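Reviewing the structure listed below.
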Amino acid sequence: MSLVVRGLTKRFGSTLALDGVDLEVEPGQIHALLGHNGAGKSTLISCLGGGTKPSAGSIRLGENDITAVGPLNALRAGVAVIYQHLSLVETLTVSDNLFFKQELLAPGGFIDRRRQHKESQKVLTILGASAGPGDLVRGLPLAQRQLIEIGRALLRKPRLIVFDEPTAALSSAEVDRLVEVIRSLQSAGIAIIYVTHLLSEVLRIADRATVIRGGRVVWSSDMKSVTKSDLIAAISNGTQADLAPIAPATSHRVALTVSSVATKTSPPINLTVKAGEIVGLYGLVGSGRTRLLEMVAGVRHRATGTVIVGQNTLRGGRTHRAIEAGVCLVPSDRHRQALFGSLSATDNVTIGLLARIARWGIRDRRRERRTFNEAVRQFGVYPPLPTVPVSSFSGGNQQKLVFGRWLNDSSPVKVLLLDSPTEGVDVGARTEIYRAIREAVARTGIGVVLSTDDPDELLALAHRCLIMRDGRIESEHTRAELTEERLLDLAHHEPTPNGWS
């Protein structure tokens, strides 16, 4: 049952989000959908899932016209969307989530939980999930939750499944397992649309790829002879330029000293960052990178050790103390840890700076607007609308606003901590963010600690790299010593005996 999209158009007022999109996905085909943040991918997905009514055009799945059928009817027609931010109910069991709004009923109209439990186990076995039907969802890791979301879709016997950034927060082993599941869905004849910013995944899994830019399809091809460079050129329209090698850090002044910092269950870590230096922490998910940043930033309690910013010792366990000392964190999950979706773009940029921007204890709207405009200028935030809710911006532009909060003239930042700072950000916005970070470091002399599992990101930014595994720093390398292949080899190297877990 093929998906055929013809001339799909969507207007939001004067904004043309989709402009005559044509798309075809065959049964058993994995079709990658690519493009910048704001290119129109999310609007297209919402139209397919019935959440947005198109202004013009048509969507057909087999013989069924599903152009404007609504979310529930789209599901019944055979369309399932697995969103990046999952829709599971954490307080319910796995079985109850699998059959949510499609419960099996016993005579008398009561829910047949025994039958649901039995059917749930069948689905979980097919997906290779380790969770059981009676487990509460809130206690499960993200990878297992994602499998449950897929299982819920499978119970509706879908003919088309849309995966929206499915591997954004998964480990490499979890990604491998998800790929196996998607391959099995493909073998069952299900059409798959795979939305991702990770081009290596496209090369690995996709049969065909389509690029959307400015609401239009600008490129589409089968993947038999397509290279990563081809994809980058199509997505960026030639605007993606390789960054020049980062200039060496020349200062001898120390911006950050971390001495024997540890939790009760992790090994002690020592780390020094010079002013004007970007130090990369590279390792797989679970290596301890995030935990280290959170201890330094006061988000996580540290049981032992000291953190010194410049010459000042930082007392632990309080984020406001860290910010006052000049330690600012850009977390990996901007939605839960950094942004206030209902507040304006200006309020999100200035939320941690109000006391500094205020005059005599009264908010100075003019200075707040100036700070927002500085973020727009540095990072290319679009649209440059200060009063629009931040939830209305694309993911890449939201992340630019988070950076704008700390990289401005009113910010106290002396040490910037970056935790997977471009996760879920498209290739064009990523380059803009990288350039802004490098320019800020060169101009202000702040120290930066970059935590990432993306080799390209580390190679684009770091002066030197620390390899982490099992909560400890395994080795240190200069930028000149590293390639993508070398980093991957170091990250997957066998751990030392008696290592921490």
Side-chain angles (χ1 to χ4, degrees), residues 1-25 31-85 87 158-165 191-197 208-220 234-237 335 341-342 345 381-385 387-398 424-429:
M1 190 178 292
S2 300
L3 172 74
V4 179
V5 178
R6 288 286 180 263
L8 202 67
T9 300
K10 178 60 185 178
R11 289 185 178 274
F12 294 99
S14 60
T15 300
L16 189 59
L18 294 176
D19 186 8
V21 169
D22 292 336
L23 179 70
E24 293 186 23
V25 185
H31 196 126
L33 183 63
L34 311 174
H36 288 317
N37 288 104
K41 303 189 304 295
S42 296
T43 304
L44 176 55
I45 292 171
S46 186
C47 289
L48 294 174
T52 296
K53 182 179 179 180
S55 304
S58 64
I59 306 171
R60 299 192 67 85
L61 186 59
E63 299 301 317
N64 301 317
D65 186 342
I66 59 170
T67 307
V69 296
L72 186 57
N73 287 330
L75 276 170
R76 289 170 178 162
V79 180
V81 182
I82 311 297
Y83 290 102
Q84 180 179 356
H85 302 288
S87 60
R159 305 314 305 159
L160 169 69
I161 300 181
V162 182
F163 288 90
D164 183 17
E165 299 286 353
I192 294 168
I193 294 178
Y194 193 88
V195 183
T196 183
H197 293 305
R208 188 173 182 84
T210 292
V211 173
I212 296 180
R213 188 188 315 124
R216 296 181 177 182
V217 172
V218 296
W219 182 92
S220 191
I235 293 168
S236 63
N237 193 28
H335 297 285
S342 61
V381 176
Y382 185 84
L385 302 177
T387 59
V388 170
V390 76
S391 58
S392 300
F393 287 76
S394 67
N397 284 292
Q398 289 177 347
V425 173
D426 69 73
V427 68

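No experiment lies behind these values; they were computed from the predicted model shown.
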Kindly compute the distance separating [atom1] ([X]) from [atom2] ([Y]), expressed to the nearest 0.5 Å.
X: Ile192; Y: His31; atom1: CD1; atom2: NE2; answer: 12.5 Å
X: Tyr194; Y: Leu33; atom1: OH; atom2: CG; answer: 12.5 Å
X: Leu23; Y: Leu8; atom1: CG; atom2: CG; answer: 9.5 Å
X: Asp164; Y: Ile82; atom1: CG; atom2: CD1; answer: 10.0 Å
X: Ser42; Y: Ile212; atom1: OG; atom2: CD1; answer: 10.0 Å
X: Thr387; Y: Leu385; atom1: OG1; atom2: CG; answer: 6.5 Å

If you count the non-hydrogen atoms of other residues, nucleotides and ligands that lie under 6.0 Å from CZ in Arg216, is the total more than 12?
no

Would you find more than 12 non-hydrogen atoms of other residues, nucleotides or ligands less than 6.0 Å from Tyr83 atom OH?
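Correct, the count exceeds 12.
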
Smallest separation among heavy atoms of [X] and [Y], with atom names:
X: Ala74; Y: Gly50; result: CB-N, 4.2 Å
X: Thr43; Y: Ala17; result: OG1-CB, 3.9 Å
X: Lys10; Y: Pro54; result: CD-CA, 4.1 Å
X: Ala80; Y: Pro158; result: CB-CB, 4.2 Å
X: Phe393; Y: Tyr382; result: CD2-O, 3.8 Å
X: Pro389; Y: Ser342; result: CB-O, 4.4 Å

Check: [Y] main-chain N/O paired with [X] side-chain donor or acceptor under 3.5 Å:
X: Arg213; Y: Ala234; result: yes
X: Lys41; Y: Leu34; result: no
X: Asp65; Y: Thr67; result: yes

Do Leu18 and Leu44 have side chains that approach each other closer than 4.5 Å (heavy atoms only, starting at C-beta)?
yes

Can you find a heavy atom in the side chain of Leu3 that is under 4.5 Å from one in the side chain of Leu48?
yes

Taking NZ, NE, NH1 and NH2 as the nitrogens, is one of them in Glu24 or Arg6 under 4.0 Å from a carboxylate oxygen of the other?
yes

Going by the side-chain contact (heavy atoms from CB on, under 4.5 Å) test, name the single residue among Pro384, Ser392, Ser391 that passes it with Val388.
Ser392

Test Ile45 against every option in Thr52, Val162, Ile193 by the side-chain contact (heavy atoms from CB on, under 4.5 Å) rule and name the one that passes.
Val162

Can you list the steps and then say if Asn73 with Ile66 is a side chain to side chain contact (heavy atoms under 4.5 Å, CB included)?
CA-CA 8 Å; Asn73 287 330; Ile66 59 170; over 6 Å; no

